[in-house]
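Encoded as structure tokens, the structure appears first; notes follow it.
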Amino acid sequence: MSKSVFVSHAVKDSKIAEQIVELLEGGIGVPESEIFCSSLEGYGIPTGENFVTYIKGQIQEPKVVILLLTPSYFASNFCLSELGASWAMSHDVFPILVPPLSYDDVKDVLLGTQVAKIDNDIKYNELRDCLIEKVSCASKSSTKWDTKRKAFLKSVNSLLKTISLPETVSSEELIQLRQELDECKEELLNYEEESQSLREYIKELEKLKDTESVNKAKKKSGLHSTAEEFEELVDEVASFSSRLGSEVFKFVLCEHYGKPYKVNHFEHGDEFSSAARYNYIDIEDGESVNWNNKEMKKLDKLLNKVGSMLEDSEHTEELFEYHEDRYDREPEVDNQAFWELHYKI
């Protein structure tokens, strides 16, 4: 179920987004439980939820979408998807324009929608009136609102200094970008026509009890994204941690990727002995993975598939961009930091 207020922003602008959330909650009285802001702890995606799927759910029926428009926002495919979905689904939006962007930079993208400059004191009264009308807010006095609003504007002035400037482009690049913009606008118009039928199709899918059948149907219809496939795949790899034991799992990953590992028998001897009894590993002549074991063969295949997805020229750029947007780092499958992030070792 969608929360009432969706704060659409780029990860690089999370500090400004945090101040907006403070204004909503402390100045207007919007409950924490009714605010979705993906980069803030407690307001974003719960532990265990799929990132892409959860955001799709949240953008379906919010009462108000706040758009934090910055250079980083327009450089993010995820942000542009949220913007497009908000427009196509006719959500009520409150666009906040952040320097160095100007009205001319966004007028074609927002197609006539009025925007508020981030330092426009008066415009936030419109936001307050809109939220009080549409969202069940805790009562806040006008004095409290004025105090929080002024504090917000003061904090924003210092944060604006951290906003990165847009890159200068040549006239040839500008022409190409305008052509791409026209193509994007055409795609958005097509999306509007298709969105209703897709939402009805999704509702029918969700009635199915067989998860595998649902996923197959989504893939067939094109609703199952590469990012979703990636997240499901690493989740399946992570499930081996509970079967093998976290330390044995780390040992298996090290052997698979040719990384050094020294067994601490004093702390983890029981865990390695247990894994040996299930024939996951051999410990008679030093420790080694029994890749002939059925479960180990399956894990080996899954790990290779993760690597193949990131090396597949058709999906590499999309996945790297998704991973950097979502986790703020490149996906390196043979790096322990990647294992800790995705496999929870």
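Heavy-atom basis, side chains included; hydrogens, waters and symmetry copies ignored.
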Could you tell me which non-hydrogen atom of [X] sits nearest to which non-hydrogen atom of [Y], and how far apart they are?
{"X": "Y73", "Y": "L67", "value": "OH-CD2, 3.5 Å"}
{"X": "K134", "Y": "V64", "value": "CD-CG2, 3.9 Å"}
{"X": "S102", "Y": "L97", "value": "C-CD2, 3.6 Å"}
{"X": "Q336", "Y": "I345", "value": "CG-CD1, 4.4 Å"}

Side-chain donor/acceptor of N264 to backbone N/O of E267, under 3.5 Å: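 Here the side-chain-to-backbone pair exists.
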Does [X] pair with [Y] as a salt bridge, N-O distance under 4.0 Å?
{"X": "K63", "Y": "D92", "value": "no"}
{"X": "K297", "Y": "D300", "value": "no"}
{"X": "K15", "Y": "E18", "value": "no"}
{"X": "K250", "Y": "E340", "value": "no"}

Test log, rule salt bridge (charged side-chain N to carboxylate O under 4.0 Å, His left out), inputs K123 and E126: CA-CA 5 Å; K123 283 289 186 180; E126 296 179 12; 3.6 Å; yes
Listed partners of H91 passing ring-ring contact (aromatic ring centres under 6.0 Å, His included), at least two apart: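 With sequence neighbours excluded, H91 shows a ring-ring contact (aromatic ring centres under 6.0 Å, His included) to no residue whatsoever.
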Partner residues of F272 under the ring-ring contact (aromatic ring centres under 6.0 Å, His included) criterion, sequence neighbours left out: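 For F272 the ring-ring contact (aromatic ring centres under 6.0 Å, His included) partners, ignoring immediate neighbours, are F251.
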Centroid separation F78 to F51 less than 6.0 Å: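 Centroid distance F78-F51: below 6.0 Å, so yes.
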For [X] and [Y], which I'm curious about, is there any donor-acceptor pair between the side chains at under 3.5 Å?
{"X": "E247", "Y": "Y261", "value": "yes"}
{"X": "Y322", "Y": "E228", "value": "no"}
{"X": "N77", "Y": "E321", "value": "yes"}
{"X": "E34", "Y": "S4", "value": "yes"}

Ring geometry between F230 and H323 (parallel below 30°, tilted from 30 to 60°, perpendicular above 60°):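 Rings of H323 and F230: perpendicular, over 60°.
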Aromatic ring pairing F338/Y343, orientation class (parallel under 30°, perpendicular over 60°, tilted between):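 Ring orientation, 0 to 90° scale: perpendicular.
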Verdict with supporting geometry, S8 and E82, side chain to side chain donor-acceptor pair (under 3.5 Å): CA-CA 7 Å; S8 177; E82 292 168 5; 2.6 Å; yes
Stepwise side-chain contact (heavy atoms from CB on, under 4.5 Å) check, S39 with H9: CA-CA 9 Å; S39 62; H9 67 289; 2.6 Å; yes
Cluster link L80 to F36, ILVMFWY, side chain under 4.5 Å: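 Both belong to a single hydrophobic cluster.
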Full working for side-chain contact (heavy atoms from CB on, under 4.5 Å) between V7 and Y43: CA-CA 10 Å; V7 182; Y43 298 87; over 6 Å; no
Note, Y257 side chain near L303 side chain (heavy atom, < 4.5 Å):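 A side-chain contact exists here, since the closest heavy-atom pair is under 4.5 Å.
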Cation-pi check, R329 onto Y327 ring (under 6.0 Å, within 45° of axis):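 So R329 doesn't make the cation-pi contact.
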Exceeds 12 heavy-atom contacts within 6.0 angstrom, atom NZ of K150: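 Not buried by this count: 12 neighbours or fewer within 6.0 Å.
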